[in-house]
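What follows is a short report on a single structure.
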Number of protein chains: 2
Amino acid sequence: MTLELVDAAAEPGLSRYAAIAAGLRERIAAGEWPPGTALPSEQVLAAQQGVAMATLRRALELLAAQGLLERVHGRGTFVRASLAGAPMLRFFRFGDGSGEVPASRIVSRRKVAAPAQIAQRLGLAKGEPVLHLLRVRSLGGKPRLLEDLWLPLPMFQPLAELPIAQWEDLFYPMYAQRCGVHVQRATDEIGFGTLGAAQAAHLALPAGHPCARVARRAHDLAGRCVEVRTTLGDAHAFHYTVQIT
Amino acid sequence: MTLELVDAAAEPGLSRYAAIAAGLRERIAAGEWPPGTALPSEQVLAAQQGVAMATLRRALELLAAQGLLERVHGRGTFVRASLAGAPMLRFFRFGDGSGEVPASRIVSRRKVAAPAQIAQRLGLAKGEPVLHLLRVRSLGGKPRLLEDLWLPLPMFQPLAELPIAQWEDLFYPMYAQRCGVHVQRATDEIGFGTLGAAQAAHLALPAGHPCARVARRAHDLAGRCVEVRTTLGDAHAFHYTVQIT
DNA sequence: AAGTGGTCTAGACCACTCT
DNA sequence: GAGTGGTCTAGACCACTTG
């Protein structure tokens, strides 16, 4: 019998659990279970997929290890909500290490046609409409980080219209709430350089001052690049720890 | 028989598989299975520990995920050999990206009493004997990296006596071969600074030139810190990519 | 008390490697 | 072909969370 489930698991060469994981990943990306909500229980899913519970578990554990799901003993299995708000401070250590969230001040917001390099990083065609933002982030009243952001435009239209005064300090929760965009993972590329005159002015540093540069590409649940961001900060405040194994 | 195996698995509050993993980790650290050798088969280990094979498997998978073991389908489960030779280039990109190993030139080698800060990082008492090395690493004939190393001395005595001409370009395989020290993991702390006059001279750069600084602590199988190393390189050649999830 | 995920068992069969 | 790890099953029992 039994209902020929459209076997999302029919991928060739994949183990049963890997195929099931891939299928679940697609259904999550398609919005069947929005971020923060619970999946059906292991029992239900196992019956649905026609496998033993242990096999279904392996699929869930795989997705949990990849950061897509979060399993909570006694409660259920949940689709992970957006990334934590301000992990940018993981790269910088300014005077006060108090977990304070940097205050955000939008310096400029413009709708523009994507330059070639930005379009390529966003996975768009050159010239597609994007939202370009410049903002300064401060700690203890002192400007510390200068950020340059590019957001694809049909998707982020609500932010093109939202009054500047109503913007939040943390962007990712705002993306989720106002645009339904959930940042699920990001890639940060670290480099060192020096500040141009205009950049230096925003940070109250002399032109030519050494700076650390973090070039981020953020991706949503479906794997699309939804944000390109370049952050500059005083190189002397930069620090980062890497575990090698 | 049957020595009352000192049930390393008797830890309270640990699941059976976690306790078994901890016990195996200790036996590996104690040298029962040297790096590169195979552990007994799952069947044998399961019988030894008196658990089902699936439980034993979980223990092995845990240790494999932690990078201590390497499992090879059809061959066996192996204790991972030392870290790859020169992962320092993961942080720098000089002209040629050809996977070339940087040539090493020892600039100085001295037996000294450990300064307080070094002793602390090595987990020694201040004043304990250590080997202090300074070396320059070059690519394509050009000096690129300046390294400052501290090695605890009873342990690395063979390197205190080895003629400089016989040193290898890669240190970790040499530690393993000559001193029986196997580097299993390391922590790299990335920062930024400027070159002092002496440092700049070694790298053929002007004094005050911006540099990236990688401060490494390397640990052996038993978790002891066996090397403290600070590497300096041109800040403009620095790059590193971080995955955030 | 009911429902969830976490641990564990005692098997079966398959895929890979070596000789 | 013998031995290894990889996948999968169909259960049991435990620990945690919530009504």
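Numbered from 1 within each chain, the chains take letters A, B, ... in sequence-line order. Since we're looking at a predicted model, the values are computed, not measured.
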Protein heavy-atom contacts under 4.0 Å, written 5' to 3' over nucleotides 8-19 of chain D as B (base), S (sugar-phosphate only) or - (none), form the string SB-----BBSS-
Counting distance only, does the side-chain N/O of A:Gln184 pair as donor-acceptor with the main-chain N or O of A:Gly67 below 3.5 Å?
yes
Identify the heavy atoms of B:Arg178 and B:Pro158 that sit nearest to each other, and give their distance.
O-CG, 3.5 Å
Could you check how far CG of B:Leu62 sits from P of C:dT7, rounded to whole Å?
10 Å
When the distance from CG of A:Leu60 to P of C:dT4 is rounded to whole Å, what number comes out?
13 Å
Partner of B:Thr231 under side chain to side chain donor-acceptor pair (under 3.5 Å), chosen from B:Arg135, B:Arg137, B:Glu147:
B:Glu147
Any A:Ser41 side-chain nitrogen or oxygen under 4.0 Å from OP1 or OP2 of C:dT4:
yes
Measure from CG on A:Leu39 to P on C:dT4 and round the result to the nearest Å.
12 Å
Any donor-acceptor pair under 3.5 Å linking the side-chain atoms of B:Arg25 with those of B:Gln66?
yes
Could you give the CD-to-C1' distance, from B:Glu42 to D:dG3, as a whole number of Å?
12 Å
Please report the distance, rounded to the nearest Å, between CZ in A:Arg57 and C1' in C:dT4.
11 Å
Using whole Å, report how far CZ of B:Phe78 lies from P of D:dT4.
11 Å
Ring pair (Phe, Tyr, Trp, His ring centres under 6.0 Å) filter on A:Trp33, not counting sequence neighbours, yields none
Taking CG from A:Leu69 and P from C:dT4, how many angstroms apart are they, rounded to a whole number?
16 Å
How close or far is atom C1' of C:dA15 from atom CZ of B:Arg71, stated in whole angstroms?
14 Å
Which heavy atom in B:Val226 sits nearest to a heavy atom in B:Phe156, and how many Å separate them?
O-CE1, 3.3 Å
